[in-house]
K.L.:
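I have a structure I would like to understand better, so I am pasting it below and will then ask my questions one at a time.
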Protein chains: 2
Amino acid sequence: MRTLLEVQRKLLPDFLLVMQKRYDILRYIKMMQPVGRRSLSVSLNLTERTLRGEVDFLKSQNLVNIFSSGMTLTDEGIEILDKLEGIMREVMGIDIMEKQLQDLLQVDEVIIVSGNCDETPWVKKELGKACANRMKREWNSKNIIAVTGGSTMAEVANSLSPDEASRKLTFVPARGGIGEAVKNQANTIVEKMAQKAQASYRVLYVPDQLSGEVYASFQKEPAIKEVISQIKSADMIIHGIGDAMAMAERRNSSPEMLKKLLDGNAVGEAFGYYYDENGKVVHKVLTVGIQLDDLSPEKRVITVAGGKTKAKAIRSYMKGAPSSTVLITDEAAAQELIQGNYTP
Amino acid sequence: MRTLLEVQRKLLPDFLLVMQKRYDILRYIKMMQPVGRRSLSVSLNLTERTLRGEVDFLKSQNLVNIFSSGMTLTDEGIEILDKLEGIMREVMGIDIMEKQLQDLLQVDEVIIVSGNCDETPWVKKELGKACANRMKREWNSKNIIAVTGGSTMAEVANSLSPDEASRKLTFVPARGGIGEAVKNQANTIVEKMAQKAQASYRVLYVPDQLSGEVYASFQKEPAIKEVISQIKSADMIIHGIGDAMAMAERRNSSPEMLKKLLDGNAVGEAFGYYYDENGKVVHKVLTVGIQLDDLSPEKRVITVAGGKTKAKAIRSYMKGAPSSTVLITDEAAAQELIQGNYTP
DNA sequence: CTACCCGGGACGTTATATGTCCAACTTAAC
DNA sequence: GTTAAGTTGGACATATAACGTCCCGGGTAG
């Protein structure tokens, strides 16, 4: 059933809306029966005429009786409604969660893929695919795409495919090296994405953890400067989110820094910034490229992260995320985000 | 998944057609890619414009690529198509079988409910329900409904429910007693149907197996005569089908008659007529009421019978059935009818 | 009896889907 | 290089379905 719904979501997206509408109508009739069109239509937020159309249809399907005293469900209607209850819980699950998260996190759009990254390995691929599709939808109006590192981003790269618009794109790393393993470094991923999309790309090789002086002189280097200016003018930023401590360890951070993160209660990390539970920046990795201030609402920010274990990290980052953000996550993280919110 | 499809069949009937259409389009694109609109539209029997509408939609869903060299499936399209194949086998199963049987048996309409009467007890109830719904669809233009006996008919009676039109109906037994147990006798069922539909009814009590003389005098009796004339003018006839030998035994037929049936290779029985494999009448129970000749095309005949074991009987009767017949059966019988037909 | 709510008929309006035709472009063969 | 046959995509008139709006007659409760 899961796959059937999944397929239908793609193949007949608005039919599910119709199904939901009719489900609501049946439900309300059951509760309010016998009931007339007028009172029903206000309860359902439908105009009287459209409600009438639906009711005529339901009557033709023998699901409702229409008497002069009002409408009631037929036995068959009750039966169908019973079966629908179970189905709807599943159908509406994802849609509803997407809307809930949209409200909760105050962002433009939330996309949820079903499953749990932590448990089922191919769910991360689904995340990547969803992200690739989402990118595609508006990359004809964008030119420069900045991406970060991470295993999730690597999957995004895997899912990209070329089309006419994609060839005009330029991929750049969002920031200079921040200590990932080569495979998941931003530079590597940028290259892969560009290759998959048949686009151009620029890389930015800078040593990790620069000291203040070198940092300044580096930025004056013409070649570096040009790449940096491209990065700064990126139209779209794709990035993952990590668990703060896990990231810090993976990056071989110094003991002092680890302490700083611990003291600051850092839980989330995104492109080199560490956040605490309230979304406050605890620490930032000093490197070139996009800074938090650069995330203006004109830029499209796509945040990709899934898995129950990352829910806290996602929440921490999202507290301060611009509303132009699109969050792509999985069911497990979404559930955790929604539930966790009521028990802080 | 089964229940989901069942619900959708009721709640969004035309949606299955759309799904099938899009499935076909995807399938053809996969086979013929890269392919243009024109050649695709002729292959699919769609006008170019409608095909274009569908393709635009599929493109917006990222399922097909459109290049100037033609259309191809995207990776996602291939994936969806894969999942669809499995689903479609189930979705189209019933629809397709209905059409196949319509052709095979040369009747106006075939309705199949899923399951097997012989194995799952509630499938017979589903048959009854389906029959009741079908009757409802046109009983506002009919007045007299003749019904036969049998356990299936008893379930039809159970599923009836009253409405405005039903109160004007009159139920009559199709023929005089032909030896059923009381519970499943036509008279009993007539009474029950009338009660369920809040309609009127007439019964016809005649002794079984009349001899020629008494038969003649019986028909002259005024009260009987009136009922018989009502029966003859019935607008709708609802009847079941039985296995010939099983019916004969249940009716305590004489050894001579059993021999006659055996010799004639009788396999099916319907309202007192016994048929052989080719649809030839082997024997008819002599009684008053509707005779085979009365089944004119103006009358709506609804035949209800299910279960794998009855497939042969159904086929034998259907050979001579008028095209105004509506066959209501179950999946098991339908499969047997279709498959059995290729291995005679 | 009256006032209210009921379904359903009628009709003009609007949105959507479809039929039809053409222009610009790509590709492949010659 | 040129032609021919294929492709998509734009434009526009038209048919069709959905919808908004109004009203009527019939039940029903107060």
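Naming: A, B, ... by sequence-line order, numbering from 1 per chain. Computed from a predicted model, the values in this text were never measured in an experiment.
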K.L.:
How many Å lie between CZ on A:Arg52 and C1' on D:dG20, as a whole number?
P.N.:
11 Å

K.L.:
Taking CZ from A:Phe57 and P from D:dC19, how many angstroms apart are they, rounded to a whole number?
P.N.:
13 Å

K.L.:
Quick one: A:Lys59 NZ to C:dG9 P, roughly how many Å, whole number?
P.N.:
10 Å

K.L.:
Is the backbone of B:Leu11 close enough, under 3.5 Å, to the side chain of A:Arg22 for a donor and an acceptor to pair up by distance?
P.N.:
yes

K.L.:
Is the backbone of A:Ile112 close enough, under 3.5 Å, to the side chain of A:Glu98 for a donor and an acceptor to pair up by distance?
P.N.:
yes

K.L.:
Using atom CZ of A:Arg49 as one end and atom P of C:dG9 as the other, report the distance to the nearest whole Å.
P.N.:
11 Å

K.L.:
With sequence neighbours excluded, what pairs up with A:Tyr28 under the ring pair (Phe, Tyr, Trp, His ring centres under 6.0 Å) test?
P.N.:
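Testing A:Tyr28 for ring pair (Phe, Tyr, Trp, His ring centres under 6.0 Å), a comparison that skips the adjacent residues, returns none.
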
K.L.:
List, with names and distances, any nitrogen or oxygen atoms from the protein found under 3.5 Å away from nitrogen or oxygen atoms belonging to nucleotides 3-6 of chain C.
P.N.:
residue: C:dC6; atom: OP1; partner: A:Gly36; partner atom: N; Å: 3.1
residue: C:dC6; atom: OP1; partner: A:Ser39; partner atom: OG; Å: 3.4

K.L.:
Rounded off to whole Å, could you give me the CD-to-P distance for the B:Glu54 and C:dT18 pair?
P.N.:
7 Å

K.L.:
Within the distance-only criterion (no hydrogens, no angle test), does the side chain of A:Lys30 pair as donor or acceptor with the backbone N or O of A:Ile78 below 3.5 angstrom?
P.N.:
no

K.L.:
Is the backbone of B:Gln195 close enough, under 3.5 Å, to the side chain of B:Gln198 for a donor and an acceptor to pair up by distance?
P.N.:
no

K.L.:
Enumerate all atom pairs, one protein N or O and one N or O from nucleotides 12-16 of chain C, separated by less than 3.5 Å.
P.N.:
none

K.L.:
Please give me every residue in residues 7-30 of chain A whose heavy atoms get under 4.0 Å of an atom in DNA chain C, ordered by residue number.
P.N.:
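Under 4.0 Å from DNA chain C: no residue of residues 7-30 of chain A.
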
K.L.:
Sub-3.5 Å donor-acceptor pair from the side chain of A:Arg134 to the main-chain atoms of A:Ile302, do we have one?
P.N.:
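Here the side-chain-to-backbone pair does not exist.
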
K.L.:
From CD of B:Glu48 over to C1' of D:dT8, roughly how many Å is that when rounded to an integer?
P.N.:
10 Å

K.L.:
Has the side chain of B:Ser200 got a donor or acceptor atom that lies under 3.5 Å from a matching backbone atom of B:Leu169?
P.N.:
yes

K.L.:
Using atom CG of B:Asn65 as one end and atom C1' of D:dT8 as the other, report the distance to the nearest whole Å.
P.N.:
14 Å

K.L.:
Any sub-3.5 Å donor-acceptor pair from A:Ser324's side-chain atoms to A:Lys299's backbone N or O?
P.N.:
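Yes, A:Ser324 side chain to A:Lys299 backbone: donor-acceptor pair under 3.5 Å.
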
K.L.:
Under 3.5 Å, which donor-acceptor pairs do the side chains of residues 61-74 of chain A form with other protein atoms, sequence neighbours left out?
P.N.:
residue: A:Gln61; atom: NE2; partner: B:Lys10; partner atom: O; Å: 2.7
residue: A:Thr74; atom: OG1; partner: A:Asn62; partner atom: O; Å: 2.8
residue: A:Thr74; atom: OG1; partner: A:Leu63; partner atom: O; Å: 3.1
residue: A:Thr74; atom: OG1; partner: A:Glu76; partner atom: N; Å: 3.3
residue: A:Thr74; atom: OG1; partner: A:Gly77; partner atom: N; Å: 2.9

K.L.:
For the side chain of B:Asp235 and the backbone of B:Ile144, is there at least one donor-acceptor N/O pair under 3.5 Å apart?
P.N.:
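Side chain of B:Asp235 to backbone of B:Ile144, a donor-acceptor pair under 3.5 Å: yes, one is there.
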
K.L.:
For A:Phe15, what residues pass the ring pair (Phe, Tyr, Trp, His ring centres under 6.0 Å) criterion, not counting sequence neighbours?
P.N.:
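Residues passing ring pair (Phe, Tyr, Trp, His ring centres under 6.0 Å) with A:Phe15: B:Phe15.
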
